[in-house]
Peer 1: 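Take this structure first; my questions come after.
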Amino acid sequence: MSSIEEVVAERGRAYGDFAAQAEIEQDLKEIMRACTQWYELEAYKRASLEMIAHKISRILNGDSNHADSWTDIEGYARIARTRLTPP
């Protein structure tokens, strides 16, 4: 098996079927974009929320015990948070 095939297989084990995960992710993003304040948010806030939605969709579709997904959510929230108020 090639290295890319190994990566794809590993991701499938952690996150489940990509097409199913993508459906969940796009549904979450559609809901976010429908909110009246969405386009008033700074780009970094929208990007952080979109990445969090991506990670949530992986948790809902795959292995909810995959710690990296939870760590990534924390990381994207922290990136946005630190821009709100200087340290």
Peer 1: Excluding sequence neighbours, so at least two apart, what forms side-chain hydrogen bond (donor to acceptor under 3.5 Å, both in side chains) with R13?
Peer 2: none

Peer 1: Other hydrophobic cluster members with I31, side-chain heavy atoms of Ile/Leu/Val/Met/Phe/Trp/Tyr under 4.5 Å, chained?
Peer 2: none

Peer 1: Can you tell me if CH2 on W70 sees more than 12 non-hydrogen neighbours from other groups inside 6.0 Å?
Peer 2: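 Check fails, neighbour count at 12 or below.
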
Peer 1: Could you list the residues that satisfy ring-ring contact (aromatic ring centres under 6.0 Å, His included) with Y76, not counting sequence neighbours?
Peer 2: none

Peer 1: For the CD1 atom of I79 and the CG atom of D72, what is their distance to the nearest 0.5 Å?
Peer 2: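 Here the interatomic distance stands at 9.5 Å.
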
Peer 1: With heavy-atom distances below 4.5 Å as the criterion, would you say the side chains of Y15 and S69 are in contact?
Peer 2: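 In short, these two side chains touch, coming nearer than 4.5 Å.
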
Peer 1: With a 4.5 Å limit on heavy-atom distance, are the side chains of L84 and R81 in contact?
Peer 2: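 A side-chain contact exists here, since the closest heavy-atom pair is under 4.5 Å.
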
Peer 1: Going by the rule side-chain contact (heavy atoms from CB on, under 4.5 Å), which residues pair with D17 if we only count those two or more places apart in sequence or in a different chain?
Peer 2: A19, A20

Peer 1: Give a yes or no on whether R33 atom CZ has more than 12 heavy-atom contacts from other residues, nucleotides or ligands under 6.0 Å away.
Peer 2: yes

Peer 1: For the CD atom of E30 and the SG atom of C35, what is their distance to the nearest 0.5 Å?
Peer 2: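 Spacing of CD (E30) from SG (C35) equals 11.5 Å.
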
Peer 1: I'd like to check R58 versus E25 (side-chain heavy atoms, cut-off strictly below 4.5 Å). Are they in contact?
Peer 2: no

Peer 1: Quick one: pull up CD1 in I24 and CG in D27 and give me the separation to the nearest 0.5 Å.
Peer 2: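 Separation between the atoms: 8.0 Å.
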
Peer 1: Heavy atoms only: give me the nearest E50-K29 pair and the separation to one decimal.
Peer 2: O-CE, 3.7 Å

Peer 1: Can you name the residues that form a side-chain contact (heavy atoms from CB on, under 4.5 Å) with D63, not counting sequence neighbours?
Peer 2: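 side-chain contact (heavy atoms from CB on, under 4.5 Å) list for D63, sorted by chain: N65, H66.
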
Peer 1: Could you tell me if the side chain of I52 sits less than 4.5 Å from the side chain of L28, heavy atoms only?
Peer 2: no

Peer 1: Counting only heavy atoms from other residues, nucleotides and ligands, does the tally under 6.0 Å from CD of E23 exceed 12?
Peer 2: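 Not buried by this count: 12 neighbours or fewer within 6.0 Å.
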
Peer 1: Report, one line per pair, each donor and acceptor closer than 3.5 Å where one atom sits in a side chain of residues 39-46; sequence neighbours left out.
Peer 2:
{"residue": "E42", "atom": "OE1", "partner": "K45", "partner atom": "NZ", "Å": "2.9"}
{"residue": "R46", "atom": "NH1", "partner": "L41", "partner atom": "O", "Å": "2.4"}

Peer 1: Same cluster or not: are M32 and I59 linked, directly or through other Ile, Leu, Val, Met, Phe, Trp or Tyr residues, by side-chain heavy atoms under 4.5 angstrom apart?
Peer 2: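 Unlinked, M32 and I59 end up in two clusters.
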
Peer 1: Any side-chain heavy-atom pair from N61 and F18 closer than 4.5 angstrom?
Peer 2: no

